[in-house]
Amino acid sequence: APWRVYAEHLLPYGYGYPLWHSSTPNGGAILRGDVGFIDQGTFVPLFNALHRGEDTSNCGVPEGYKTLEEMFPGRQILKVTTDACMPSQVFISPGIEYKYPLISLTCKRDSGAVLVMKEPPAERQAISSILFVTDYMRKYYNSWCEFAVARGVSIPEEGLIFVYGVFGTDARGAVAFANCPNNSDLEITWNLGDGLFKATMNGREMEEGSTVATPMNLVSMVPRKHDQALFIQYYKMKRRLFWLRMIRAGAGPHDLPGSQDGTGGDDV
């Protein structure tokens, strides 16, 4: 599947889990504090733990719900960081040489991925008050699962996640390819400022939904809003025989090894 190939090839950059689709299923932005799950490269939110239950962004909340701040009254919870800390405009699998506005690749592997973003560089927004998040998840995680089941949501094997960091940009384009014959030619022409993103493999244009694919929603309709998510960093609970263990994750769909900076599968 394109989303799986895409994630596997971009995980080593260490920025978090690479999202094949840059928005939620209904086209909304992915926010820090979102609780939900990843389904085939798309993040599906259930509610946002930073917003009150009556907030219009929350279409229902679990029983006994409290926001993260309400659980710790009088404490400075939301040490939110915002920084432009992604220096590259292009992320590629090894062996790709490019020159703006064209990326040319002779495929030496049978699979790979490319991500390009509009300038300025991607912006990261994150919650740095990690200890409060861990206590919050341990207390309410079971109620989140009950809430999901009550809404008819089939919780994936990996469980629900709490998004604490999002790398976003104004516009982006992405390509994933698999089962590619040796020495195939991949060419990408892009100018995201004008909404241009075109990929061809051996002279044939790639189409959404095929094994070699480009995602939809390439260009944000609101300029400079940074609402197109590239990577997300998250916490999740991993079930053991008689308890839940919390993991700081984002390295990938199945706890792939990562770094010590919050983008790997490190215990907390």
Side-chain angles (χ1 to χ4, degrees), residues 16-17 19 21-81 125-166 168 227 229 231-255 262-263 265-268:
Y17 181 82
L19 288 171
H21 294 285
S22 57
S23 57
T24 66
N26 64 3
I30 300 167
L31 307 173
R32 57 184 182 267
D34 275 348
V35 173
F37 58 93
I38 298 171
D39 180 33
Q40 298 185 7
T42 301
F43 177 74
V44 182
L46 296 175
F47 61 93
N48 187 285
L50 305 184
H51 300 161
R52 294 180 180 272
E54 62 272 17
D55 193 292
T56 56
S57 64
N58 280 333
C59 298
V61 292
E63 184 175 355
Y65 171 76
K66 289 185 177 181
T67 67
L68 184 60
E69 288 182 296
E70 289 172 335
M71 182 174 169
F72 303 98
R75 306 292 293 274
Q76 184 180 1
I77 304 299
L78 299 182
K79 297 177 182 178
V80 176
T81 60
Q125 297 187 342
I127 301 170
S128 58
S129 309
I130 299 305
L131 291 179
F132 294 110
V133 175
T134 59
D135 290 344
Y136 184 74
M137 282 196 73
R138 290 190 179 107
K139 182 176 179 65
Y140 290 112
Y141 183 80
N142 286 333
S143 70
W144 298 352
C145 294
E146 293 170 358
F147 173 70
V149 171
R151 292 173 65 93
V153 174
S154 179
I155 301 175
E157 181 181 351
E158 293 77 22
L160 301 179
I161 64 175
F162 180 104
V163 176
Y164 73 87
V166 180
D227 61 348
F231 301 86
I232 60 172
Q233 299 168 319
Y234 60 84
Y235 284 103
K236 72 176 185 178
M237 305 294 288
K238 191 162 187 177
R239 189 173 297 277
R240 293 304 186 204
L241 286 178
F242 300 107
W243 66 87
L244 290 171
R245 186 182 69 179
M246 189 169 176
I247 292 177
R248 183 170 56 184
H254 301 294
D255 290 329
T263 60
D266 305 321
D267 291 351
V268 176

Exercise. Are Tyr140 and Tyr65 close enough, and set up right, to give a ring pair (Phe, Tyr, Trp, His ring centres under 6.0 Å), and what steps lead you there?
Worked result: CA-CA 8 Å; Tyr140 290 112; Tyr65 171 76; 7.7 Å; no
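- With contacts defined as side-chain heavy-atom distances shorter than 4.5 Å, the pair Val153/Leu46 qualifies.
- With sequence neighbours left out, Phe162 forms a ring-ring contact (aromatic ring centres under 6.0 Å, His included) with no residue at all.
- Scanning for ring-ring contact (aromatic ring centres under 6.0 Å, His included) contacts around Phe37 gives an empty result, with sequence neighbours left out.
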Exercise. Phe231 and Val166: side-chain contact (heavy atoms from CB on, under 4.5 Å), yes or no, with the steps?
Worked result: CA-CA 6 Å; Phe231 301 86; Val166 180; over 6 Å; no
Problem set entry | Full working for side-chain contact (heavy atoms from CB on, under 4.5 Å) between Phe47 and Phe147 | CA-CA 10 Å; Phe47 61 93; Phe147 173 70; 3.9 Å; yes
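- We find the CD1-NE2 distance between Ile38 and His21 to be 12.5 Å, quoted to the nearest 0.5 Å.
- Looking at Thr42 and Pro25, their side chains come closer than 4.5 Å, going by heavy atoms from C-beta outward.
- Checked against salt bridge (Lys or Arg N to Asp or Glu O under 4.0 Å), Arg52 has the following partners two or more places apart in sequence or in another chain: Glu70.
- With sequence neighbours excluded, the residues that form a side-chain hydrogen bond (donor to acceptor under 3.5 Å, both in side chains) with Asn48 are Asp34.
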For this session: Take Val149 and Ile155, measure what side-chain contact (heavy atoms from CB on, under 4.5 Å) needs, and give me the verdict at the end.
Result: CA-CA 7 Å; Val149 171; Ile155 301 175; 4.2 Å; yes
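- Expressed to the nearest 0.5 Å, how far CE of Met237 lies from OG1 of Thr134 amounts to 9.0 Å.
- Every residue two or more places apart in sequence or in another chain was checked for a salt bridge (Lys or Arg N to Asp or Glu O under 4.0 Å) with Glu146, and none qualifies.
- Distance CD1/Ile232 to CD1/Ile30: 6.0 Å, rounded to 0.5 Å.
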For this session: Any chance you could lay out the ring pair (Phe, Tyr, Trp, His ring centres under 6.0 Å) test for Tyr235 and Tyr164, step after step, and finish with the verdict?
Result: CA-CA 7 Å; Tyr235 284 103; Tyr164 73 87; 4.9 Å; yes
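- In this structure, the side chains of Leu31 and Val163 stay at 4.5 Å or more apart for every pair of heavy atoms.
- For the atom pair Leu68 CG and Arg32 CZ, the distance stands at 12.0 Å (nearest 0.5 Å).
- Screening residues 55-66 for salt bridge (Lys or Arg N to Asp or Glu O under 4.0 Å), with sequence neighbours left out, gives no hits.
- With hydrogens and angles ignored, the 3.5 Å screen pairs a side-chain donor or acceptor of Tyr141 with a backbone N or O of Leu160.
- Interatomic distance, SG of Cys59 versus CZ of Arg151, reported as 7.0 Å (0.5 Å rounding).
- The closest side-chain heavy-atom distance from Ile127 to Phe132 is not below 4.5 Å.
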